[in-house]
Protein chains: 2
Amino acid sequence: MNTSERLVTAAAELLDAGGEAAVTLRAVGSAIGVSHNAPYKHFVSRDDLLAAVATSDFRTVADAWKQIRKSVLKPNQRLLDALDVVIRFSQDHPARYRLLFNSPAIAARGGPLTSAADEALSVFAAIVEDGQAAGVFPAAPSDHLAVLIFATAHGLIDADASGRLRTRTGWAEIGTGLQILVRLLSNDRSHVASGQARRRRPGRLERD
Amino acid sequence: MNTSERLVTAAAELLDAGGEAAVTLRAVGSAIGVSHNAPYKHFVSRDDLLAAVATSDFRTVADAWKQIRKSVLKPNQRLLDALDVVIRFSQDHPARYRLLFNSPAIAARGGPLTSAADEALSVFAAIVEDGQAAGVFPAAPSDHLAVLIFATAHGLIDADASGRLRTRTGWAEIGTGLQILVRLLSNDRSHVASGQARRRRPGRLERD
DNA sequence: ACCTGAACACCGTTCAAGT
DNA sequence: ACCTGAACACCGTTCAAGT
């Protein structure tokens, strides 16, 4: 691994360990044994280093989604699995999740980060589109429906992270909300009336 | 206005003008003609001052929602108007919106902020519940449905703020996405197939 | 009770200098 | 080409001192 990659790895670990505030250039440099401004030889600024972490994470998420899209699961379950990827990521790496979907200043930088984000989201949209083609999801334009679904997932994750959702609903898991959404959207409306989703095992959206 | 209120007002104005980074205690103090650490006589920390701004804003939003709930509009339009309140707020005061729904460190403080947030969200839930009682929205537990709808709105606002939604969909307005959601959720499914919402006039969700 | 001014321990960033 | 160390202009926060 070259210095640039080691800096990105160190920054990611600091994000996981102490949140964004812990990612000081002094701490990143120290973590890999260089001075506090060696990073400036590889990244134009602190934000540029953070953007590099986000770019790498977007590619990881996109790869996971590609695997799911190729799987033999039913459309409903494929969508739930895809959402599970980001739920897990948000729980395992909250600060890095915020970097992906919650950092206007970073997102506005454009460049490779925006490309990586667009590619990842297009895979997610394809998973939704597959479900529409199979007649399971309504025929709204697939980009719109995918954004709606993803926005809901992101909103639930975000509300959960801020603690507001938990206190209001007592939901143990974000996934329950997403299961309800998928059922509400599904052309099979038989489960809607109850609105009750079964309990899910930790970290995994339950099969339908 | 006492010093404490003037500090909150000054902080809110700085948030609007320059985002969270612009809210330094030196700038806040200077804005009302006191020293850079006079705020410590009224708030225990910078975060405490920011929490006071958020508390005040939650109360403003709650008041607007109470008015909408009392209105004679149809349930669908009441919900769209309620969502319009937060969309407008997010566009007029992006940094303050982030303080309300996007700041785990601030939200985790609890106290009056959490109370104000809970009260506001309970009014929103009541608006959704009214629609369910009228048979317009599905009968999922009202708290769950309200959180789902709000999470979607928040997710769309957030995606819009981060620039990702706009580039992927070209939607001029967040509201279009919410109109689609409300139609998808409504028991009247006649509009679902097209998924096309009419254009809306700026800053106002169109009547159905 | 409320405020001030100096001070402390941090930041990100710049820059001249080294190899 | 890559890195270092000093320096600069900021921060939030603390503290002794003022009225």
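Only this structure's heavy atoms are used, side chains among them; waters, hydrogens and symmetry mates stay out. Here is how names work: the chains are called A, B, and so on, in the same order as the sequence lines, proteins then strands, and each is numbered from 1.
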Would you say a side-chain N or O of [X] is under 4.0 Å from OP1 or OP2 of [N]?
| X | N | answer |
| --- | --- | --- |
| His36(A) | dC11(C) | no |
| Ser35(A) | dA6(D) | no |
| Thr3(A) | dA1(D) | no |

Round to the nearest Å and state the distance from [X] atom [atom1] to [N] atom [atom2].
| X | N | atom1 | atom2 | result |
| --- | --- | --- | --- | --- |
| Leu7(A) | dG12(C) | CG | P | 13 Å |
| Glu5(A) | dC2(D) | CD | P | 13 Å |
| Ile32(A) | dT4(D) | CD1 | C1' | 14 Å |
| Arg46(B) | dC11(C) | CZ | P | 16 Å |
| Leu25(A) | dC8(D) | CG | C1' | 16 Å |
| Tyr40(B) | dA7(C) | OH | C1' | 14 Å |
| Arg6(A) | dC2(D) | CZ | P | 14 Å |
| Arg26(B) | dC8(C) | CZ | C1' | 11 Å |

Pair His93(A) and Phe89(A), ring centroids less than 6.0 Å apart: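 Distance test on ring centres: under 6.0 Å, yes.
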Hey, are [X] and [Y] close enough for a salt bridge, meaning a charged N less than 4.0 Å from a carboxylate O?
| X | Y | value |
| --- | --- | --- |
| Glu20(B) | Arg46(B) | yes |
| Glu129(A) | Arg69(A) | no |
| Asp84(A) | Arg88(A) | yes |

Step by step, would you call Ile106(B) with Leu100(B) a side-chain contact (heavy atoms from CB on, under 4.5 Å)? CA-CA 9 Å; Ile106(B) 304 291; Leu100(B) 296 182; over 6 Å; no
Under 3.5 Å, side chain of Ser162(B) to main-chain N/O of Ser103(A), donor-acceptor pair present? no
For DNA chain D, stems built from three or more consecutive Watson-Crick or G-U wobble pairs below 3.5 Å: C:4-8 with D:12-16, C:12-16 with D:4-8
On DNA chain D, compare the nucleotides closest to Asp47(B) and Lys41(B); which residue's is nearer the 5' end?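 Comparing both residues, the 5'-ward one is Asp47(B).
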With ring-ring contact (aromatic ring centres under 6.0 Å, His included) as the criterion, how do Phe150(B) and Phe101(B) come out once you've worked through the C-alpha distance, each side chain's angles and the decisive distance to 0.1 Å? CA-CA 11 Å; Phe150(B) 194 83; Phe101(B) 300 111; 5.1 Å; yes
At under 4.0 Å between heavy atoms, what does Val23(A) touch on the DNA or RNA strands: base, sugar-phosphate, or nothing?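 It contacts sugar-phosphate atoms only.
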The side chain of Thr24(A) is closest to which nucleotide in this list: dT14(C), dC11(C), dG12(D)? dC11(C)
Do the side chain of Asn37(B) and the base of dG5(C) come within less than 3.5 angstrom through a donor-acceptor pair of N or O atoms? yes
